[in-house]
There are 2 protein chains.
Amino acid sequence: MRIGELSRRTGVSVPTIKYYVREGLLPAGQLTSPNQASYDATHERRLKLIRALIDIGGLSVAGIREVLAAIDDRERPVHEMLGAAANRVVPRYTDEPGPGIAASRAAVEQLIERRGWRAAAGGQAGEALAVALAALAEVGHAEFTTVLDTYADAAERVADADLAYVAHSVAREDLVESTVIGTVLGDAIFGALRRLAHIDASARLFGTLTEASPGPEGAPPAPGPDADTAGRPG
Amino acid sequence: MRIGELSRRTGVSVPTIKYYVREGLLPAGQLTSPNQASYDATHERRLKLIRALIDIGGLSVAGIREVLAAIDDRERPVHEMLGAAANRVVPRYTDEPGPGIAASRAAVEQLIERRGWRAAAGGQAGEALAVALAALAEVGHAEFTTVLDTYADAAERVADADLAYVAHSVAREDLVESTVIGTVLGDAIFGALRRLAHIDASARLFGTLTEASPGPEGAPPAPGPDADTAGRPG
DNA sequence: CCATCATAGATAGTCCCACTATCAGATAGC
DNA sequence: GCTATCTGATAGTGGGACTATCTATGATGG
């Protein structure tokens with residue numbers, strides 16, 4: 001197919017497709033003449049993946065480039081790739097950590113020890129956790145750590161389910177892609193489920209449905225795009 | 001205290017503090033003379049909260065403005081606020097949903113029914129879930145829905161823990177703030193825990209520690225900022 | 001009391017990111 | 001032949017989050 005059809009099938013504009021090719025997210029089409037290229041199903045699939053990572057996962061173009069590089073690198077052994085794919089996805093914390101970070105790191109180490117996890121506390125995920133816990137303490141919610149073990153229980157269940165799902169993949173390429181998708185889109189999905197569960201829990205507590213109530217700007221209760229401006233920039 | 005000290009205490013530059021005041025995130029200081037204002041502990045706390053929502057939660061300034069408006073609005077009843085605070089946080093999906101969205105919406109409705117959740121499927125959280133599921137189907141991973149119930153189990157546990165934590169708050173203001181913090185920072189914390197659990201699970205499967213292995217760009221295994229560029233833009 | 005420093009408030013500028021517009025030259029397919 | 005479409009390149013746009021600069025004023029310390 002030519003670029004126009006690829007655009008129609010994916011809903012991504014032709015200039016944007018070219019932009020993704022320039023940025024290295026999407027391989028160029030097969031040139032059939034100096035100014036004509038053909039694209040196939042792999043391009044379509046890749047393009048849909050890119051859009052999902054941007055729209056649902058909130059990843060940046062640079063982040064997607066690294067994720068896709070991990071998917072496409074067939075040299076690395078599978079278990080390394082799994083770690084790498086997960087690592088690609090950790091948000092970066094540029095500014096210097098505050099003073100409470102040492103205590104938070106210790107808490108992370110203890111948690112990992114306590115749960116018997118075979119994971120390095122100093123890795124990216126552990127460090128991200130430590131930074132988040134330190135921030136929590138900074139805003140006066142150090143008490144929140146009391147729920148950490150419940151969170152960890154839930155995370156274990158989710159991780160086991162993810163691994164079981166990923167294990168279905170036959171081809172190695174599928175396996176890594178499944179990991180990426182499970183990690184990135186799984187975050188979004190779990191976040192939505194968590195919010196639904198919050199709504200249910202507070203409904204049980206307070207006896208009212210709260211989700212459909214319009215906010216200050218009068219968000220419609222019906223499905224569809226609304227005026228909400230919170231969230232991760234696309 | 002004056003603005004300089006506020007800046008020193010929070011690590012936020014003076015022009016940035018002024019910017020937050022302009023943007024309505026932070027109340028202006030109490031003017032003691034035409035060109036002199038004093039700030040107190042509430043400003044410091046609020047500023048730290050803003051930075052946490054930006055750095056850890058990845059919220060935009062516009063999103064934070066709405067979240068803080070919900071916190072500061074003392075008129076709304078508590079249970080509405082809980083829903084609103086959660087709603088503020090749902091990412092927006094601007095582009096038109098694909099053709100599979102109808103099936104995904106039905107799946108969400110069934111899930112809510114199945115779990116007996118008192119939540120509207122058409123609300124923001126439900127719609128976000130439907131969009132994410134539709135995207136999953138688009139990239140050929142419709143099978144992922146088989147783990148949905150496991151995710152929902154985990155989400156229920158997390159939500160119960162969150163509510164129990166929030167119930168500790170005595171003052172109504174604290175209650176809403178706890179909800180916001182729990183929702184936004186809790187997402188980040190759970191995400192990090194999930195990644196640690198992934199690492200552990202794949203270590204158990206493949207017998208290797210994968211987290212500390214350097215990526216393609218040679219990310220350091222030690223704590224501290226690194227070259228990773230993936231993640232939510234700040 | 002005066003020099004030096006910090007401050008309020010305002011406006012303009014910067015940098016990055018994710019596109020988007022325009023163009024020239026060439027080709028597809030009728 | 002004619003028109004819609006394409007490639008490849010370069011430049012421009014709009015939004016977001018700051019950041020720099022400036023003026024006029026007040027605070028502080030010797």
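Naming: A, B, ... by sequence-line order, numbering from 1 per chain.
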Test item: [X] side-chain N/O and [Y] main-chain N/O as donor-acceptor pair under 3.5 Å:
| X | Y | value |
| --- | --- | --- |
| A/S202 | A/H198 | yes |
| A/R9 | A/E44 | no |
| B/T10 | B/L47 | no |
| A/D187 | A/F190 | no |
| B/S104 | B/A134 | yes |

Expressed as a whole number of angstroms, how long is the span from [X]:[atom1] to [N]:[atom2]?
| X | N | atom1 | atom2 | value |
| --- | --- | --- | --- | --- |
| B/R51 | D/dA17 | CZ | P | 11 Å |
| A/I17 | C/dA18 | CD1 | P | 17 Å |
| A/M1 | D/dT7 | CE | P | 12 Å |
| B/I3 | D/dT19 | CD1 | C1' | 14 Å |
| A/I54 | C/dC17 | CD1 | P | 13 Å |
| B/Q30 | C/dT7 | CD | P | 17 Å |
| A/L47 | C/dA18 | CG | P | 16 Å |

As a test of reading the structure: which of D/dT19, C/dC19, D/dA27 is closest to the side chain of A/Y19, going by heavy atoms?
C/dC19
Considering only side-chain heavy atoms of A/S60, which listed nucleotide, C/dT27, C/dA18, D/dG8, is closest?
C/dA18
Mapping B/R2 and B/S13 to their closest nucleotides on DNA chain D, which lands nearer the 5' end?
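Its nearest nucleotide being more 5', the pick is B/S13.
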Would you name the heavy atoms of B/A125 and A/R195 that are closest together and state the gap between them?
CB-CB, 3.8 Å
Starting at the 5' end of DNA chain C and moving along, which residue's nearest nucleotide shows up first, A/K18 or A/P15?
A/P15
Checking B/Q30 now: which residues fulfil side chain to side chain contact (heavy atoms under 4.5 Å, CB included) with it, not counting sequence neighbours?
B/S38
Counting only side-chain nitrogens and oxygens, does A/T16 get under 4.0 Å of the OP1 or OP2 atom of C/dT20?
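Checking C/dT20 against A/T16, a side-chain N or O does come within under 4.0 Å of OP1 or OP2.
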Would one find a side-chain N or O of B/Y20 under 4.0 angstrom from OP1 or OP2 of D/dC18?
yes
Heavy-atom contacts under 4.0 Å between residues 35-45 of chain A and DNA chain D, which residues?
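Residues of residues 35-45 of chain A that come under 4.0 Å of DNA chain D are, in numerical order, A/N35, A/Q36, A/A37, A/Y39.
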For the side chain of A/R22 and the base of C/dT20, is some donor closer than 3.5 Å to an acceptor across the two?
yes
